[in-house]
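Report on the following structure.
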There are 2 protein chains.
Amino acid sequence: MSETVAKGADAKENGAKDSGGKDDSSPGHIRIKNRALILTAAEEVFATQGYRGATTAAIAQKAGLPKANVHYYFGTKEALYHAVLEDILGLWLGELDRITEDSEPATALAAYIRAKVRHSRERPLASKVYANEMIRGARHTRDFLKNELRNLVKEKAKVLEAWAKAGRIEPVEPIHLFSVIWAATQHYADFEVQVGALVGRRQLAAKDYDEAAETVVRLVLRGCGLPYQPGIGS
Amino acid sequence: MSETVAKGADAKENGAKDSGGKDDSSPGHIRIKNRALILTAAEEVFATQGYRGATTAAIAQKAGLPKANVHYYFGTKEALYHAVLEDILGLWLGELDRITEDSEPATALAAYIRAKVRHSRERPLASKVYANEMIRGARHTRDFLKNELRNLVKEKAKVLEAWAKAGRIEPVEPIHLFSVIWAATQHYADFEVQVGALVGRRQLAAKDYDEAAETVVRLVLRGCGLPYQPGIGS
DNA sequence: TCAAAACCTGACCACTTGGTCAAATTTAAT
DNA sequence: ATTAAATTTGACCAAGTGGTCAGGTTTTGA
C-alpha cells in the first residue's frame with residue numbers, strides 16, 4: 001500500500017502452483033521459486049495460526065529463508081496475506097462451471113459436490129485460510145464477495161430457476177442451496193479435527209471423504225426432488 | 001494451569017448469562033458481574049480477532065475495566081480463552097436432547113435444525129469462537145471432542161439406527177448427517193458476511209434465517225426419506 | 001467498629017513482532 | 001569482462017504484548 005513496499009515486487013506475475021520443472025536459468029526464476037516457497041509456507045501458517053498468529057518469522061522459517069527475504073518479496077505481512085487469499089479465491093470460482101443449463105441437474109450437482117469434497121481433502125489449508133477470513137469479517141475480501149462471487153451465484157441461480165421452470169428440479173432458494181453445499185463440503189476441511197474425533201481417527205481416511213460426499217449428494221439431490229443413487233456424478 | 005493464575009479465581013461459580021437482577025449486595029456479586037463482563041467482551045474479541053489477535057487490553061477496554069483487572073480475575077489470556085470456550089461448549093450439547101428414540105423423526109430433526117439456526121442468529125460470536133478453535137486444531141478442546149461430543153453422537157447414532165430399524169427413516173450415516181446439519185446451520189453465523197454479500201444485505205434479516213432453516217430442514221428430511229412440508233418442527 | 005478478605009489499578013518489565021536498512025553477493029545483459 | 005539490477009541477510013528498532021506487583025480502596029463478616 002505505501003511506497004516503501006518491496007523494492008521490486010511487481011511485474012512478471014508468478015503463476016504460483018507449478019514449478020514448471022525445466023528452467024533454472026531463465027530470468028526471474030529465483031523470484032518465481034521464492035515467491036512460491038513463501039506463499040506455500042504462508043498458507044500453512046495463516047491457516048493454522050490465524051492472521052495475527054502468523055508471524056513473518058514463522059513463515060520465513062517454514063519457507064527456509066531469512067525473514068528479511070519474505071519482506072523483500074512481499075513487503076508487508078498484509079500484502080503477503082492478500083497474495084495468499086488471491087491464490088485461494090481463484091480456486092473458489094473454478095469448479096462451478098459444471099452447473100450449466102443444459103447439463104443434467106442430478107449429475108452436475110453431484111459432480112460439483114464431489115469436486116468440493118475432493119478439494120477439502122486436497123487443499124484443507126486453503127479452505128481454512130478462507131474460513132478464517134470470513135469469520136473475521138472478510139475485511140480483505142469484501143469486493144470479491146460483493147462482485148465476483150455474488151455475480152457468479154446470480155448466474156447459477158438462473159440455471160437453477162431454468163431447471164425448475166422446465167420441471168427438471170423442484171424450485172429451491174439458490175443462495176441457500178449453495179450455502180449448504182459449501183458449508184457441508186468445506187466442513188470436512190475446516191472442522192477436520194472434529195470429524196476426526198467423531199470417527200475415532202486422528203486423520204480422516206479416504207472412506208470418510210467418500211461417505212461424506214455420498215451423504216451430501218444424497219441430501220442435496222433429494223432436497224431438489226431428484227432421485228439419488230450411490231455414486232451418481234462420480 | 002500453573003499456580004500463578006488468578007489470586008482468588010475459584011469457588012462460587014459464576015453462572016455467567018443472567019445478571020439476576022436483584023442482589024447488588026450479596027457477597028461475590030462483584031466477582032460475578034465482572035467475570036460476566038469480561039467473558040462477554042472476550043467472546044467478542046476472540047471471535048472477531050482470533051486467539052492471537054485478541055489482546056487482553058482490547059478485552060479489558062470492551063469490558064470497561066483496566067487490563068490488570070482482567071488478569072486479576074482470569075490470570076492468563078489462555079485461562080480466559082478456556083473459560084470462554086467452556087461457556088460455549090455448554091450450549092453445544094444442550095439442544096440435542098430433542099433427538100430421542102420415541103420422538104417423531106421428522107419433527108425432532110426439524111426442531112433441532114431450527115434451534116441450531118436460531119442459535120446461529122442469536123449467538124454468532126460463540127459459533128465463531130468455536131469455529132476458530134476447530135480450524136486451529138482444537139488444541140484446547142481435544143478432550144471435549146473425544147469424550148463428551150463423541151459419546152453424545154454415539155448415543156444419538158443409536159437413536160437414528162433405531163429409527164431406521166423401525167422403518168421410520170431411511171438408514172443414514174449418523175456422523176455425516178450431524179456434520180452436515182452442524183456445518184449448514186453454523187455457516188449462517190461463521191460465514192455471515194458471505195451470505196450477507198450474496199443476499200445483498202449487510203446484515204442477515206429474519207427472513208434469511210427462516211429461509212435458511214427451511215432449506216436445511218427440507219434437505220435433511222428428504223435425505224432421510226421423510227416427507228417435508230414448510231414449517232414442520234417450528 | 002474493625003480487621004481480614006476481596007478488589008482495584010497505574011506503573012512497570014521482559015519479550016515478541018513487523019518492518020527497515022546498509023552492506024554484501026549473485027545474476028543478467030551488453 | 002563489466003556493470004547495472006536483482007537478491008540476500010544480519011543487525012537493528014519502535015511499537016506492542018502478556019503478565020506482574022505494590023500499595024491502595026472497598027466489601028464483608030463478626
Side-chain angles (χ1 to χ4, degrees), chain A residues 1-14 23-38 41-42 45-46 49-84, chain B residues 1-14 23-38 41-42 45-46 49-84:
Chain A
M1 275 87 197
S2 74
E3 8 57 6
T4 331
V5 172
K7 281 149 186 164
D10 43 62
K12 282 157 194 165
E13 285 294 69
N14 73 322
D23 55 33
D24 229 38
S25 56
S26 65
H29 74 282
I30 296 179
R31 156 170 243 84
I32 289 173
K33 182 194 65 179
N34 284 350
R35 279 181 65 101
L37 268 167
I38 294 167
V45 178
F46 280 128
Q49 312 291 326
Y51 176 75
R52 196 71 179 290
T55 66
T56 54
I59 292 168
Q61 189 181 33
K62 187 139 298 192
L65 297 169
K67 190 182 67 157
N69 208 321
V70 170
H71 283 96
Y72 172 71
Y73 281 112
F74 290 93
T76 67
K77 176 179 170 181
E78 194 175 345
L80 173 55
Y81 180 63
H82 220 96
V84 170
Chain B
M1 273 90 192
S2 73
E3 6 58 4
T4 331
V5 174
K7 280 149 188 166
D10 42 60
K12 282 157 193 165
E13 284 294 69
N14 72 321
D23 55 33
D24 231 36
S25 57
S26 66
H29 75 281
I30 295 179
R31 154 170 244 83
I32 289 172
K33 182 195 65 175
N34 283 349
R35 279 181 64 102
L37 268 167
I38 294 166
V45 179
F46 280 129
Q49 311 293 326
Y51 176 75
R52 198 70 178 292
T55 67
T56 53
I59 292 168
Q61 189 180 34
K62 187 139 297 194
L65 297 169
K67 190 182 68 161
N69 209 321
V70 170
H71 282 95
Y72 172 70
Y73 282 112
F74 291 94
T76 67
K77 174 179 170 180
E78 193 174 347
L80 173 56
Y81 179 64
H82 220 96
V84 170

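Remember, predicted model here, so these are calculated numbers, not experimental data. Naming convention: chains lettered A, B, ... in sequence-line order (proteins, then strands); numbering from 1 in each chain.
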task = Give me the bend of the helix from C/dT1-D/dA30 to C/dT30-D/dA1, using the axes of the five pairs at each end, rounded to 10°.
result = 20°
key: Heavy-atom check, side chain of A/Phe46 versus side chain of A/Leu80, under 4.5 Å   = yes
inquiry  = In this structure, how many angstroms lie between the P atom of C/dC7 and the CZ atom of B/Arg35, rounded?
reply    = 10 Å
request  = Mind listing the closest non-hydrogen atom pair of B/His71 and B/Thr76 along with its distance?
outcome  = CD2-CA, 4.4 Å
task = Nearest whole angstrom, please: distance from the C1' of C/dC7 to the CG of B/Leu65.
result = 11 Å
query = According to a strict under-4.0 Å criterion, is B/Arg31 in side-chain N/O contact with OP1 or OP2 of C/dC7?
reply = yes
ask   = Quick one: A/Phe74 CZ to D/dA6 C1', roughly how many Å, whole number?
value = 16 Å
request  = Could you check how far CD of B/Gln61 sits from P of C/dG10, rounded to whole Å?
outcome  = 13 Å
request  = Kindly point out which of C/dT9, D/dT27, D/dT8 is positioned nearest to the side chain of A/Ile30?
outcome  = D/dT8
inquiry  = What is the separation between atom CG on A/Asn69 and atom C1' on C/dT25, rounded to the nearest whole Å?
reply    = 13 Å
query = B/Ala68 side chain: which of C/dG10, C/dC7, D/dT9 is closest?
reply = C/dG10
query = Within less than 4.0 Å of OP1 or OP2 of C/dC8, is there a side-chain N or O belonging to B/Asn34?
reply = yes
message = Any heavy-atom pair between the side chains of A/His82 and A/Phe74 that's under 4.5 Å?
response = no
key: Where B/Val45 and B/Ala54 come nearest, the two heavy atoms and their spacing   = CG1-CB, 3.5 Å
request  = Search all heavy atoms of A/Tyr73 against all heavy atoms of A/Arg35 and return the closest pair with its distance.
outcome  = O-NH1, 3.6 Å
Show me the protein contacts with nucleotides 14-18 of chain D, counting only N or O atoms at under 3.5 Å.
{"unit_1": "D/dT17", "atom_1": "OP1", "unit_2": "A/Arg52", "atom_2": "NH2", "d": "2.1"}
{"unit_1": "D/dG18", "atom_1": "OP1", "unit_2": "B/Ala54", "atom_2": "O", "d": "3.1"}
{"unit_1": "D/dG18", "atom_1": "OP1", "unit_2": "B/Lys77", "atom_2": "NZ", "d": "3.1"}
{"unit_1": "D/dG18", "atom_1": "OP2", "unit_2": "B/Thr56", "atom_2": "N", "d": "3.0"}
{"unit_1": "D/dG18", "atom_1": "OP2", "unit_2": "B/Thr56", "atom_2": "OG1", "d": "3.2"}
{"unit_1": "D/dG18", "atom_1": "N7", "unit_2": "B/Lys67", "atom_2": "NZ", "d": "3.1"}

request  = Could you tell me the separation between the CD1 atom of A/Ile38 and the OG1 atom of A/Thr56, rounded to the nearest 0.5 Å?
outcome  = 10.5 Å
inquiry  = For A/Arg52 versus A/Lys77, what's the shortest heavy-atom pair and its separation?
reply    = O-NZ, 3.5 Å
note = Residues B/Ile59 and B/Ala41: closest non-hydrogen pair is O-CB, 3.5 Å
query = Quick one: B/Ile32 CD1 to C/dA6 C1', roughly how many Å, whole number?
reply = 14 Å
request  = For C/dC8, take OP1 and OP2 only and decide whether either is under 4.0 Å from a side-chain N or O of B/Tyr72.
outcome  = no
